[in-house]
Amino acid sequence: MPADVQLAMQQKLEEHLYGAGGFQKGSELSIRYRFLQVTERGLFRRWLGGEDSLTVEAKFLDRSDNILAVIQVEGLAGQGPLAADLDRAIEKVAERVAEYAQTNYR
């Protein structure tokens, strides 16, 4: 996995988890994720109908490392000449993982 994709995912997820009334850092809940699929098509291919996408598996664990839930989330950047790049797909995945945490563990 490219380092810039890993870093962007970590930063976006932390923004969504800890920003604006979200979680505080602690040991009660951990999220471990892995990238299952990354497709970066590039501008020309997006014009032809392809789209950048990202699929992540996220595991939610309690303080004792017991698995509470496992989810898979896909983010799509869109198609066409005005489509966003992979950063938009990363943003969508991070947002959905954080929403799941906030819905189920607050």
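In this chain, numbering begins with 1 at the start of the sequence shown.
Cluster annotation: Y18 and L7 are assigned to distinct hydrophobic clusters (Ile/Leu/Val/Met/Phe/Trp/Tyr, side-chain heavy-atom contacts under 4.5 Å, transitive). Hydrophobic clustering of Ile, Leu, Val, Met, Phe, Trp and Tyr side chains at less than 4.5 Å, counting indirect connections, unites V56 with L17. Under the 4.5 Å side-chain contact rule for hydrophobic residues, V70 and V93 do not share a cluster. Transitive grouping of hydrophobic side chains (ILVMFWY, heavy atoms separated by less than 4.5 Å) brings L29 and I71 into a common cluster. Residues L68 and Y33 share a hydrophobic cluster, clusters being chains of Ile/Leu/Val/Met/Phe/Trp/Tyr side chains in contact below 4.5 Å.
Annotation: the span from I90 atom CD1 to M9 atom CE amounts to 8.0 Å, rounded to 0.5 Å. The CG atom of N66 sits 4.0 Å away from atom CG of D62, with the distance rounded to the nearest 0.5 Å. To the nearest 0.5 angstrom, E95 atom CD is 10.5 Å from K12 atom NZ.
Judged purely by distance below 3.5 Å, without hydrogens or angles, the side chains of H16 and Q102 never pair a donor atom with an acceptor atom.
Across all non-hydrogen atoms, the minimal contact from S27 to R63 is OG-NH2, 3.2 Å. What you find for F23 and R106 is that their closest heavy atoms are N-NH1, 3.5 Å.
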Decide side-chain contact (heavy atoms from CB on, under 4.5 Å) for Q10 and Q6; before the verdict, give the C-alpha distance in whole Å, the side-chain angles of both, and the deciding distance to 0.1 Å.
CA-CA 6 Å; Q10 179 184 344; Q6 292 177 354; over 6 Å; no

Is there a side-chain contact (heavy atoms from CB on, under 4.5 Å) between V97 and L13? Walk through the geometry before answering.
CA-CA 8 Å; V97 171; L13 185 55; 3.8 Å; yes

side-chain contact (heavy atoms from CB on, under 4.5 Å) assessment of Q72 paired with L36:
CA-CA 9 Å; Q72 285 188 10; L36 301 177; 3.6 Å; yes

Candidate pair Q37 and S53, rule side chain to side chain donor-acceptor pair (under 3.5 Å), full reasoning:
CA-CA 8 Å; Q37 173 270 325; S53 65; 3.1 Å; yes

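A salt bridge is defined here as a Lys NZ or Arg NE, NH1 or NH2 lying under 4.0 Å from an Asp or Glu carboxylate O, and K92 with D87 fails to meet this definition.
Using a distance-only test at 3.5 Å, with no hydrogens or angles considered, no donor-acceptor pair links the side chain of E57 to the main chain of R32.
Taking the ring centroids of Y100 and F60, they lie under the 6.0 Å cut-off.
Side-chain contact between F35 and T55 is absent, with no heavy-atom pair separated by less than 4.5 Å.
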